[in-house]
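Below is one structure, written out as structure tokens; comments come after it.
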Amino acid sequence: MIDPAIEIKGLTKSYGNLKALNGVDITIKKGEFFGLLGPNGAGKTTTINILTGLVFRDEGTTTVFGKDTVKDYRFTRSKIGIAAQEFSVDWFFSIEKLLHFHAGYYGITKKEAQPQIESLFNRLGLTEKRNSKLRELSGGMKRRFQLAKALVHDPEIIILDEPTAGVDVELRRDLWKYLRELHSKGKTILLTTHYIEEAELLCENVAIINQGKILKRGSPKSLTKELGTAGISIKVLNIKENIKSILSGYKYTIDENKLHISVKDPDVSMPEIIQLLTTEGMHIQKIESTKSTLEDVFLNLTGKGINE
Amino acid sequence: MNWIGLKTLIFREVGRFFSVYRQTVLPGLITSALYIAIFGFTLEQRISEIHGIPYTLFILPGLIMMNTLTNATANTSSSILQMKLLQQLPDLLTAPLSGIEIALAYIIGGAVRGMVNGVLVLLLGVLFVGMPVHDPLGTILFIFLVSWAFSSMGLLLGQLAESWDQLSMMQNFFLTPLSFLGGVFYSIKMLPDWAQTLSYINPIYYMINGIRYTTLGVSDSPVYISYVMAIVLTIIFTFLAILLMQSGKKIKY
């Protein structure tokens, strides 16, 4: 059996009385695009920091391609590239030099790193800024540099901590496109985010974390199907008396001539309901549906919205 | 050993201080020149020779040592604290570098700055004041050992410090007084007995004493004690700095 790219088992971490992680289990297969979804302070960054060696774990195991991240740190860290949430600051060197330094820490000589740095500069639109210092870059440019730094040693696993926090819509789209490209090349990606849309759009699987615990995991689609609720509202010209027996399998409310039906998957339920109503001779004037999202899932699991 | 990683970090550390040489190389040279001009040329007439050496020459070895050790300490302590405060340290700590490699690279970076500063003041003395260098190899060895030892100590201080305030407190309350009291400007034989005894527990006294012997050929204590002290300090501080870096104290949580 092939070892998973990342395997976290029973991970706990406390800061004094605060239990930051309370038995986290996550398995990420090689080549998977995985999202760790949760509100601020849920334990996303702590989990990542333990994987990469910035934080000591209390209990549990963390392995990368089957090797322990503490005992075999040289192996595991060389497999991972990290784009941290917070920008680092440097007063002394150009961004090109900083990338060379970063490659060097991973055992890559200047000569070996140059082609990769050129291609990253090109792809991320940083070529013109190569001689600039970090503080001279805009926020969006810094975000791109952050990504370039994570990729300079061409790692198999890319960990992105809130990669699109505070960037404009255009850059966000561009970064998403680039992440998809990387994924299609076989990279394993672990992304933390509190943007529902980001997780739904990019991730094959997500785990929902809250207060240091994984509440649920699965594909965004299966989770929304299982736990999400969507609404269908139908304006009917002539609601018949026997509506109660017709819609006996559904949760619904009637407001004058408007039906509100809550369903798990509107794509499946809508045709069924339309057929039920029309065969009974009811005339449908208007149909609206609100799609279920991971936000509903989160709401369902925690009783709170993700950004509340 | 990640040799390329080690080499890269050394280059980074050396490049960092060279890129701001106005802050890291020139000030020590200017301050030493001022000391020579003010203390030496103006006061020399009023101060009798010490151990048969004119006053300007007498203070030069102390100035070399002071410049060497303050620069070595400042380089590592400020570099690691700066990286800590500016969120750069995670770049090192998440890379496949061991605590030994990180510590060694920092120490070497600081030692290079200490040596550059020490040698420049040495040249200043030789070229402009005609300072004799009785034992060139021993002189360089002393500058090297002191640079290395105090660079390691700076790394310890920088890793433990949480703010610039704490760091400057350690420097102003310990390092500077110990340097001045180590006999830069006087022979401890000129002090009352109790103060002489106190000087013997000041490690910096032995460093100044040692280089004064290798340059001018005079010293208050036998030179071998200075060598032993310099080597012992170097070993202890290097060992502690590596251990502290490996422990991740104050930099990993």
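- For the 3.5 Å distance criterion, the side chains of B:Gln88 and A:Ser88 fail to qualify, holding no donor opposite an acceptor.
- The candidate from A:Leu54, A:Thr46, A:Val55 with the greatest count of non-hydrogen atom pairs under 4.5 Å with chain B is A:Leu54.
- Salt-bridge check for A:Glu7 with A:Lys29: failed, with every basic side-chain N at 4.0 Å or more from each acidic carboxylate O.
- Taking the six-membered ring where the residue is Trp, A:Phe65 and A:Phe75 present perpendicular rings, their angle passing 60° and hence far from 30°.
- Against chain B, the residues from residues 9-20 of chain A that qualify, each with a non-hydrogen atom under 4.5 angstrom away, are A:Lys13, A:Tyr15 in number order.
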* To do: Start with the C-alpha distance between A:Asn205 and A:Glu32, add both sets of side-chain angles, then the distance that settles side-chain hydrogen bond (donor to acceptor under 3.5 Å, both in side chains), and finish with yes or no.
  => CA-CA 8 Å; A:Asn205 283 302; A:Glu32 192 173 336; 2.9 Å; yes

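- Remark: A:Asp90 does not engage A:Lys97 in a salt bridge, criterion side-chain N to carboxylate O under 4.0 Å.
- With a 6.0 Å cutoff to the six-membered ring centre and a 45° limit on the axis angle, B:Arg16 counts as a cation-pi contact of A:Phe92.
- Looking at A:Lys149, only its side chain comes within 4.5 Å of chain B, counting heavy atoms on both sides.
- Between the side chains of A:Thr62 and A:Arg57, a donor-acceptor pair is found at a separation under 3.5 Å.
- Applying the salt bridge (Lys or Arg N to Asp or Glu O under 4.0 Å) definition to pairs two or more places apart or across chains, those involving residues 92-103 of chain B are A:Arg74-B:Glu101.
- The pair A:Arg123-A:Glu181 counts as a salt bridge, with a side-chain nitrogen and a carboxylate oxygen less than 4.0 angstrom apart.
- Interface residue B:Ser19: only side-chain heavy atoms are found under 4.5 Å from chain A.
- Residues of residues 103-110 of chain A having a heavy atom under 4.5 Å from any heavy atom of chain B, listed by number: A:Gly104, A:Tyr105, A:Tyr106, A:Gly107, A:Ile108, A:Thr109.
- The stretch residues 108-121 of chain B participates, sequence neighbours left out, in no salt bridge (Lys or Arg N to Asp or Glu O under 4.0 Å) pair at all.
- A:Lys187 and A:Glu156 are not joined by a salt bridge, as no carboxylate oxygen comes within less than 4.0 angstrom of a charged side-chain nitrogen.
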